[in-house]
Amino acid sequence: MSPKTSLNLANRASDGEDERRHRLRRCREPPHHKADKHRRSKKKKRSEKLKLNEEEANKSLYICHIEHHPGRWVAYVVRAINLSDLLLSSEADDGLQLRQVGYKAGDELPGSVGCGVWGSRIVFAAGMKPCGRMPSFDRPDIVWHRDVYAFETDPNKQPRDNSRITKMGGTLVEAKFRPLMEEVGGKLYALSYRLVADPPSFEVFDPKVGGWAPLPQPPFFKRHGQYNRGGFLSYAVTGTKMFVSQERCPVFCFDVAHPDREWRLVSSMCQRGPFPFKNKALVLDLPAGADDKKKIMFLVVGI
């Protein structure tokens, strides 16, 4: 056997021995050690994926609700959590808590209000007294309200007491029960699905004017019209357009930028039928470069 052949055999034997030792070391490695390495790797990937810039890290998620207390006492509550804390949390985190940032209570406040977002404000509008979780419309002592309250989320615009929910200037033209409150084109729109008084059931607040103005009634509110109100209301907002339908009414569109200001039947949607969902759907534009006529719609079906 030549010296070169002997050297190759010795190297192969050494490589085989090293591989055997490596396998043995891996087999002896405690299972929890492997799990720790896996968790660290997973956490690192999650942190890289959810890395937020400074502007995003300072944003908050707000949750608003109404507290009904015995008697005539009602409270509007706004709670928040930092978006960065929420996105970077894991199942093992149990320290995440909503912080209360806005609170207003009193027997003068109505319940069954509509809640929405207008710019940096969270608004509570209209409603009724007395109120409860299951309001009754047959009570002779019902008082309908037209006031609008707001909570300012922008620290630079908040009053000295930033936990205050204050009444806005200007009241609705007519009272409403749980109106839909939507911002479109810088203006605030209110649409009530249940008529509790004379029209209008649809109004707009123009900040330049500082007051509310009536808008055309939706088709299912027109007396002796083709469509009767019934079932759940379904709606979506995209751009300057508001789309609504209900069980007995196909999809209609109201374009706030159109000079005619009227509801138009959208025959190309849902085969001239209603939306296949209840309540509100979230509509998002496709990324830049894609077909700008197509949207992504998130909705809840069957509730």
Side-chain angles (χ1 to χ4, degrees), residues 52-66 75-84 86-87 98-104 109-110 113-127 145-174 176 178-192 200-215 235-244 253-258 261 279-285 295 297-298:
L52 304 174
N53 58 40
E54 184 176 355
E55 181 181 358
E56 293 171 332
N58 292 331
K59 291 183 178 180
S60 296
L61 172 68
Y62 292 90
I63 298 178
C64 312
H65 64 96
I66 309 298
Y76 302 162
V77 186
V78 182
R79 292 187 170 92
I81 185 172
N82 290 337
L83 190 61
S84 57
L86 185 63
L87 295 179
L98 290 168
R99 64 186 188 279
Q100 183 169 295
V101 295
Y103 186 85
K104 185 176 182 63
L109 296 178
V113 299
C115 186
V117 175
W118 179 45
S120 58
R121 300 178 184 181
I122 297 171
V123 296
F124 303 84
H145 287 248
R146 299 184 295 129
D147 294 328
V148 181
Y149 294 83
F151 171 75
E152 179 60 68
T153 64
D154 187 344
N156 298 320
K157 300 178 181 179
Q158 287 176 346
R160 293 180 179 178
D161 179 4
N162 59 11
S163 65
R164 290 176 57 197
I165 297 175
T166 58
K167 185 185 294 187
M168 289 177 54
T171 59
L172 291 161
V173 176
E174 194 51 78
K176 290 173 176 53
R178 294 177 182 171
L180 311 176
M181 306 299 295
E182 292 290 336
E183 178 187 5
V184 185
K187 299 179 181 179
L188 182 61
Y189 291 80
L191 172 62
S192 177
S201 61
F202 188 36
E203 310 182 25
V204 59
F205 179 83
D206 188 340
K208 294 181 179 179
V209 178
W212 291 86
L215 291 173
Y235 71 103
V237 178
T238 175
T240 60
K241 298 177 180 179
M242 302 175 66
F243 297 88
V244 301
C253 173
F254 186 89
D255 190 345
V256 303
H258 199 283
R261 285 195 163 192
N279 300 320
K280 182 179 180 178
L282 176 63
V283 182
L284 299 178
D285 293 324
K295 313 287 182 181
M297 181 178 289
F298 295 89

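Sequence positions, counted from 1, serve as the residue numbers for this chain. These figures come from a predicted structure and were not determined experimentally.
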Please round to the nearest 0.5 Å and tell me the distance separating atom [atom1] of [X] and atom [atom2] of [Y].
{"X": "F202", "Y": "E174", "atom1": "CZ", "atom2": "CD", "answer": "16.0 Å"}
{"X": "I122", "Y": "F151", "atom1": "CD1", "atom2": "CZ", "answer": "6.5 Å"}
{"X": "R99", "Y": "N82", "atom1": "CZ", "atom2": "CG", "answer": "4.5 Å"}
{"X": "K176", "Y": "H145", "atom1": "NZ", "atom2": "NE2", "answer": "14.5 Å"}
{"X": "L83", "Y": "S60", "atom1": "CG", "atom2": "OG", "answer": "7.5 Å"}

Apply ring pair (Phe, Tyr, Trp, His ring centres under 6.0 Å) to F243 and list each qualifying residue two or more places apart in sequence or on a separate chain. none

Who are the ring pair (Phe, Tyr, Trp, His ring centres under 6.0 Å) partners of Y76, not counting sequence neighbours? F124, Y149

If only side-chain N and O atoms count, and only distance matters, is there a donor-acceptor pair under 3.5 Å linking D255 with T240? yes

Restricting to side chain to side chain contact (heavy atoms under 4.5 Å, CB included), what partner residues turn up for V117, sequence neighbours left out? none

Identify, with sequence neighbours excluded, every residue that meets side chain to side chain contact (heavy atoms under 4.5 Å, CB included) alongside I63. L98

Return the set of residues passing salt bridge (charged side-chain N to carboxylate O under 4.0 Å, His left out) with R121 (not counting sequence neighbours), or none when no residue passes. E152

Are the side chain of E203 and the backbone of L172 linked by a donor-acceptor contact shorter than 3.5 Å? no

Please tabulate, for side-chain N and O atoms in residues 179-189, each donor-acceptor pair with protein atoms closer than 3.5 Å (sequence neighbours left out).
| unit_1 | atom_1 | unit_2 | atom_2 | d |
| --- | --- | --- | --- | --- |
| E182 | OE1 | K280 | NZ | 3.2 |
| E182 | OE2 | K280 | NZ | 2.9 |
| E183 | OE1 | G119 | N | 2.8 |

